[in-house]
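Order of the sequence lines sets the chain letters (A, B, ...), proteins ahead of strands, with each chain counted from 1. When reading the values below, keep in mind they use all heavy atoms of this one structure, side chains included, and skip hydrogens, waters and symmetry mates.
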Amino acid sequence: MSPDPLKTERAGSALQTYTLTCAACATTTMLATPLYAYLDSANIVMLFLLTVLGVAVKLGRNAAVLASLLSVLCFDIFFVPPRFSLAVSDIQYVVTFFVMLVTALTTTHFTSVLRQRAQEALRREQQTQALYLLAKQLAGVLQLEQVVEISASFIRTQLVAQAVVLLPDEGRHTLSPVPFGAPLPVEMHLARVAFDSGRFVRSDEVMGMGLAAFYFPLKAPMRMRGVLAVAFPAEAEAPGDATLSLLEALSSLIAVALERLHYVEVAQATEVRMLTERLRSSILSALSHDLRTPLTAMVGLADSLFLVKPTLAPAALETAQALHEQADRLASLVGNLLDMARLNAGEVRLRREWQLLEEVVGASLKLLGGALSKHRIRVILPPDLPLLEFDAVLIERVLCNLLENAAKYAPEGSTIELRAAVRDGHVDVAVLDEGPGFPMLRKAELFNMFVRGEAVSGKPGTGLGLAICKAIIEAHGGEIDVENRPEGGARVYFRLPLGVPPSIEEELP
Amino acid sequence: MSAPAKVLLIEDEKQIRRFVRVAVEEEGCQVIEAETLARGLIEAGTRQPDLLILDLGLPDGNGIDLIRELRTWSDVPILILSARTQEDDKIEALDAGADDYLTKPFGVGELRARVRAVLRRRSRSPDSASPRIEFGSVVVDLSLRSVQRRGENMHLTPIEYRLLSVLISHPGKVMTQRHLLREVWGPSHVDRSHYLRVYVGHLRQKLEDDPTQPQHFLTETGVGYRFQP
């Protein structure tokens, strides 16, 4: 039972209702007076009862009670002898009055109950209609603000109350109201309780303070989406069960709408990311193909000059060799740039597999081949080194870059050492040389792109090597750093997490 | 001297075709050129080449499909030209039946060495049914299941021996991890690449002079292994 809005309405027009009631009784009296001569008094009573019935149907219980009393009074004064006085000559009329009053009041009671039921049914139907309309509107909504606006205006028009929707932030730590219309002060603590517990919370104490007193959790199938806070006007009666269950239904509609919006957003973001990724990788692969094809032709064509018959002059062959080398350098620069672009995009797919470090070291040394021929290479790996999980192609690249760097800067004939050691949950891999070492003043910049150890250097290089190493190692969850050895020379080392290698079933002998 | 070997070159880039032709002709081969996959397939059928050099990045289709198609009726050696970033394509092509690959850009020297190696294997393979295989200081006798290094018998476990026999039966050919795992451990083990690494490590320990810088059991990083006699 929640007749509050209607009651308010009725209170406003009470005076009008009572005036109408009085007028109805007066009219009946006036109509009956000329008929007095022709009608039996019992029939005049009937006229008054008809009036009471009419009033009960049209104007409600209170008016009908008044009409009952007025009717008895009018009947007594105007139609019971002695007329125009309250006095009654025949005592029989007391029975008439009594029966008339009881009949009138009983009619009033039943009529008004019926009327109330009819009104309630009508109101329910209206609310159901409105809720249905709301559901339809919410189903088509594409923006958060619209959800809030539609729900708030539903509550305003259907329940004459104010509402605000509170949504959690990314981390679901705090709730904040979605700005819409007049701000409604809320008790955050109560909202939090509703959000965390998933239960409806009400507090009649805060209602007097002008704060929202009702907090409905917005519980969607997947998770809690927020809180709906509702405040009824202070002068209104407390809302009944019907109103609260309507609000609960509304809350679940809002929750579902919010969840739907969330997934729409997720789907859109995924699509945008996919498109961006596809675009980027297609640009990179097109670029890589378009640059590599002419470079391949240049390297090969330069080489093929050596096969020309009759053999070209030594100067021409020297030029051919230089062409080959320059094209090679260009190719490695392009390779580095494309790698860096891929790594920088942050979405290098690591093909992590459990590897033997020894094997990747061996492959790197073989790959470098001639580049290391002028140095002594010493590899010191612990014999019990466990399997490590990494992308072999990328780690091979790191090792090649570090070894190549060492060979480039350390004097010919010196020793380049590659060592690995296991240390508290990590494996440290270091490349040590006997060169001039790194300029430690600019250590922080060494791993930046296009920064080279020596500012003015005759050595070929692009300054991308260490930056690529850093990006690769960090993608593996490791770290890389450089230092100068106390005995002279540089030490570049990287550290990879050990992980838990998979077991290998022992072979049956 | 027998008739020169025929090499079919399928490559869309004219300048690359030009220098590859010069390099391959220097090896005493006759070169047939094709610009597209469709043309290449026809030439492969009609000219019966002894070697196929195939660029994986052709505009008119997927070179891997050509390899699969070709492998249904021919075992001609296939050498792939690919970019470094096409690791997956490379593996797929090798799994489909390609023999070896060259990464762009490559020099003429490298190309000639590969062509020579493939052709040498081809000329030798029909009559080299000998069960005795020698490499470095190692002698393997497949009929006796014996492995000797510097005249001493080496003990290999059954899996080590199986891996060794798969590797040495395809000298020079790049074998993918997947292929080796399937051949040696069976189809249920194709995802356990660490088994392969550990056992190749064992072979190197037992048969290489310097296991850290192997000369015979070579790693093709990210792809697989190659046995180099």
Side-chain angles (χ1 to χ4, degrees), chain A residues 284-285 288-289 291-309 324 327-328 330-332 334-335 338-339 342 351 353-356 358-367 377 379 381 387 389 391-397 418 501-505 507-509, chain B residues 11-23 25-26 55 57 81 83-88 102-112 157-160 177 189 191-202 204-205 208 210-215 217-223 225:
Chain A
L284 280 177
S285 71
S288 131
H289 178 261
L291 290 171
R292 235 178 279 268
T293 301
L295 281 169
T296 306
M298 273 168 71
V299 171
L301 289 171
D303 277 359
S304 65
L305 288 176
F306 285 89
L307 305 177
V308 171
K309 308 263 162 50
H324 175 123
D328 258 351
L330 199 54
S332 98
V334 166
L338 290 173
D339 279 354
R342 264 193 207 96
R351 290 159 50 118
E353 282 176 5
W354 291 95
Q355 307 277 356
L356 288 170
E358 172 188 287
E359 179 167 70
V360 184
V361 169
S364 309
L365 292 174
K366 183 161 171 55
L367 204 66
I377 308 293
V379 178
L381 300 177
L387 288 169
E389 194 180 29
D391 183 321
V393 175
L394 293 179
I395 294 297
E396 181 185 82
R397 197 150 165 67
L418 195 152
S503 60
I504 291 195
E505 287 163 40
E507 196 182 338
L508 294 171
Chain B
E11 160 69 65
D12 61 326
E13 186 62 35
K14 190 178 165 211
Q15 297 304 330
I16 295 181
R17 278 205 310 275
R18 199 173 123 189
F19 86 79
V20 171
R21 166 186 277 277
V22 170
E25 279 176 349
E26 192 68 18
D55 184 350
L81 309 180
R84 189 171 55 77
T85 49
Q86 297 173 307
E87 229 80 59
D88 292 335
L102 269 174
T103 302
K104 288 181 185 176
F106 51 87
V108 163
E110 235 179 322
L111 171 66
R112 286 176 63 184
T157 68
I159 289 183
E160 286 167 6
Q177 289 183 15
H189 277 60
D191 295 324
R192 305 197 197 167
S193 59
H194 54 283
Y195 273 75
L196 181 59
R197 299 216 171 80
V198 168
Y199 276 88
V200 171
H202 291 174
R204 285 177 180 152
Q205 292 291 341
E208 290 276 6
D210 178 358
T212 60
Q213 296 188 41
Q215 300 303 311
F217 302 103
L218 305 181
T219 311
E220 297 289 334
T221 306
V223 177
Y225 293 93

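- In plain terms, the two heavy atoms of B:Leu111 and B:Ala23 that are nearest each other are CD2-CB, 3.8 Å.
- Applying the ring-ring contact (aromatic ring centres under 6.0 Å, His included) criterion to B:Tyr225, with sequence neighbours excluded, gives no partner residue.
- A salt bridge is absent between B:Glu220 and A:Lys366: the closest approach of a Lys/Arg side-chain nitrogen to an acidic carboxylate oxygen does not fall below 4.0 angstrom.
- When heavy atoms are compared at a cutoff of 4.5 Å, B:Val20 does not approach chain A at all.
- With respect to chain B, the highest number of heavy-atom pairs below 4.5 Å among A:Ala331, A:Ala297, A:Ala363 belongs to A:Ala297.
- Classification of B:Arg17 and B:Asp55 as a salt-bridged pair fails, no side-chain N sitting under 4.0 Å from a carboxylate O.
- The nearest pair of heavy atoms linking A:His324 to A:Ala302 is N-CB, 3.7 Å.
- Contact of B:Arg112 with chain A is made through the side chain alone, with heavy-atom distances under 4.5 Å.
- Heavy atoms of A:Ile504 lying under 4.5 Å from chain B belong to its backbone as well as its side chain.
- B:Glu11 does not touch chain A: none of its heavy atoms, backbone or side chain, sits under 4.5 Å away.
- Between chain B and the options A:Glu358, A:Glu396, A:Glu359, heavy-atom pairs under 4.5 Å are most frequent for A:Glu359.
- For A:Leu365, the part sitting under 4.5 Å from any heavy atom of chain B is the side chain, from C-beta outward, and nothing else.
- A distance-only check finds a donor-acceptor pair linking the side chain of B:Glu208 to the backbone of B:Phe217 [under 3.5 Å].
- Neither the backbone nor the side chain of B:Leu196 comes within contact range of chain A, judged by heavy atoms closer than 4.5 Å.
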